[in-house]
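Accompanying notes for the structure given below.
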Number of protein chains: 2
Amino acid sequence: MATIDKALDALFLLGQAGQALRLADIARSLDMPRSSAHRILAPLVARGLLERDAHGRYQAGLGLMTLGLACARREPIAHAAQPVLEAAAHELGETFFLVVARGGRLVVLEKAEGDGFLRAAPRLGSSVPVHATAVGKLYLAHAPDAVELEALPRYTPATLRSRTALAAAVAEARSRGWAVNDEEWQAGLCVAAAPVLVGGRLEGCVALALVAARFHALGTAAAVRRVRHAAEGIALRLEGEKS
Amino acid sequence: MATIDKALDALFLLGQAGQALRLADIARSLDMPRSSAHRILAPLVARGLLERDAHGRYQAGLGLMTLGLACARREPIAHAAQPVLEAAAHELGETFFLVVARGGRLVVLEKAEGDGFLRAAPRLGSSVPVHATAVGKLYLAHAPDAVELEALPRYTPATLRSRTALAAAVAEARSRGWAVNDEEWQAGLCVAAAPVLVGGRLEGCVALALVAARFHALGTAAAVRRVRHAAEGIALRLEGEKS
DNA sequence: AACATCGTTCTGCAATACGGAACACCCATG
DNA sequence: CATGGGTGTTCCGTATTGCAGAACGATGTT
């Protein structure tokens with residue numbers, strides 16, 4: 001089914017380009033003649049997944065957006081989490097978000113941003129590394145098969161780079177029921193995370209992201225209390241929906 | 001390019017299904033043998049646009065979500081609007097959102113929800129009617145070619161149903177620089193909207209949605225002042241980015 | 001003005017998508 | 001327990017269809 005793959009190549013190329021591309025550029029990127037690219041792009045434009053601007057260049061269309069959001073709607077945990085995250089973010093004025101494992105990667109599924117001038121603003125649908133985040137440690141502790149852990153690249157001086165150090169942090173996260181990330185991924189960014197457990201299964205994690213200074217001012221205990229409260233609230237709502 | 005069309009049929013079917021579907025059901029819906037459906041779905045699953053649950057059923061995957069949100073990222077106006085909407089929503093405690101015209105339809109591109117128990121919660125990527133919304137009137141006033149106006153279905157007793165009444169409302173919106181929707185689309189829902197004008201071009205509209213009672217308690221003047229302020233803030237940020 | 005590059009259309013050839021048939025499997029019902 | 005209808009999956013011969021090169025007009029650059 002090479003034809004569909006070519007079409008998806010084009011979709012991903014334009015989705016990740018972030019700007020409008022010309023036909024010739026697309027053809028070069030996909031390593032095919034212009035005529036083939038033209039033929040492949042036509043049905044994608046006809047269905048609204050791609051659009052053409054005034055210069056005839058191609059870009060992602062909002063058919064893609066509609067499809068993508070239809071997908072998010074279907075996740076019950078996103079539904080359950082949204083008001084909980086919103087309430088928590090409004091109360092503290094900082095950013096809370098929900099991360100789940102899908103396809104071996106950790107994906108930001110829902111978020112509620114705080115109102116500070118300096119605040120974390122993760123992109124919905126973006127993915128975060130496993131070994132350098134609080135959520136990653138929780139997943140390694142509760143559902144290691146759900147995530148793929150390959151190399152351990154160094155993001156900051158605080159990044160855990162050895163399997164043994166990581167295993168210790170994971171064991172600690174498991175026994176405590178929460179995890180933190182103290183500038184291990186991005187300098188200046190601290191995160192506290194708690195698992196959303198439903199019937200013993202890890203359905204996702206709630207994370208609270210703050211600038212390092214505010215995290216230390218707030219204190220680990222207070223941050224952990226808030227993410228655990230939010231995570232438990234989401235778990236309760238999920239259990240309620242099931243019945 | 002029938003093959004790509006078949007694949008897109010499957011994508012839209014599963015995107016709009018709202019639940020996981022079995023292979024045989026998909027094959028029936030698309031009117032093709034099971035073997036063909038199986039062959040077409042395989043590359044979509046391999047790329048993460050679709051996923052299979054524990055029972056082997058197909059559902060929308062988060063590759064779709066990633067693609068869709070990558071589309072939203074490409075829109076500079078969504079980027080510019082997000083913090084402005086958030087600030088406005090936080091200040092008033094009501095829902096602000098940004099609507100733009102794409103492909104002849106009015107689409108909700110970004111939003112910031114209020115914290116009231118009863119609040120408007122439009123879905124991102126969903127579209128709203130032209131003739132029965134405040135945003136629609138503004139588009140008819142400033143960029144009538146960007147939207148398609150066909151029939152004028154009646155949604156509520158207040159819906160404008162004649163072209164002349166609509167033309168009068170549009171003229172009023174143009175001269176005033178703002179528009180309202182007083183339960184014309186959904187009973188109990190009032191909206192005030194203001195245009196985001198950059199260099200004289202209409203780039204989108206900011207809308208403030210409230211329950212009717214709160215809208216009248218707040219007053220039209222106050223609501224208009226807030227949406228105009230937000231719209232001007234977004235326009236300023238857009239002009240700043242261009243330089 | 002000459003040139004290069006672009007987007008688009010056309011066409012013969014070859015690749016490949018098509019759908020029926022066959023298979024193992026699951027769960028209902030008899 | 002046996003039977004039956006249903007499922008998801010794989011295989012394969014056929015002919016439909018996608019492929020790439022050439023040619024065209026349009027656009028904008030040196």
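Naming convention: chains lettered A, B, ... in sequence-line order (proteins, then strands); numbering from 1 in each chain.
- Here C/dT8 presents its P atom at 13 Å from CZ of A/Arg22, a figure rounded to the nearest Å.
- Heavy atoms of B/Met32 sit nowhere under 4.0 angstrom from any nucleic acid atom.
- Rounded to whole Å, atom P of D/dT9 lies 15 Å from atom CE of A/Met1.
- The distance between atom CD1 of B/Ile26 and atom C1' of D/dT9, rounded to the nearest whole Å, is 15 Å.
- Phosphate proximity of C/dA17 to B/Lys6: absent, as no side-chain N or O sits under 4.0 Å from OP1 or OP2.
- Sequence order on DNA chain D of the closest nucleotides to A/Asp31 and A/His55 puts A/Asp31 first from the 5' end.
- Atoms CZ (B/Arg57) and C1' (C/dC26) sit 15 Å apart, rounded to a whole Å.
- Counting any heavy atom pair closer than 4.0 Å across all strands shown, B/Ser35 reaches a base atom.
- For B/Arg105, the CZ atom counts as loosely surrounded, since its 6.0 Å shell holds 12 or fewer non-hydrogen atoms of other residues, nucleotides or ligands.
- The number of heavy-atom neighbours closer than 6.0 Å to CG of B/Asp53, taken from other residues, nucleotides and ligands shown, is above 12.
- The shortest distance between the side-chain N/O atoms of B/Arg52 and the OP1/OP2 oxygens of D/dT9 is below 4.0 Å.
- Computed from coordinates, the B/Arg34 CZ to C/dG20 C1' distance equals 11 Å when rounded to whole Å.
- By the 4.5 Å heavy-atom criterion applied to side chains, A/Thr95 and A/Leu208 are not counted as neighbours.
- If you check D/dG18, C/dC6, C/dG19 against the side chain of B/Ser36, the one that comes closest is C/dG19.
- You'll find the ring centres of A/Tyr58 and A/His38 outside the 6.0 Å limit.
- With D/dT7, C/dC6, C/dG19 as the choices, the nucleotide that has an atom nearest any side-chain atom of B/Pro33 turns out to be C/dG19.
- Distance, B/Leu41 CG to D/dT10 P: 13 Å, rounded to whole Å.
- With contacts defined as side-chain heavy-atom distances shorter than 4.5 Å, the pair B/Val108/B/Leu98 does not qualify.
- Considering only side-chain N and O atoms, A/Arg28 lies nowhere under 4.0 angstrom from the phosphate OP1 or OP2 of C/dT5.
- Heavy-atom nearest nucleotides on DNA chain C were determined for A/Thr3 and for A/His38, and the one closer to the 5' end corresponds to A/His38.
- Residue A/Asp25 is the one, among B/Ile40 and A/Asp25, whose nearest nucleotide of DNA chain C lies closer to the 5' end (criterion: closest heavy atom).
- What separates CZ of A/Arg39 from P of D/dC19 is a distance of 4 Å, to the nearest Å.
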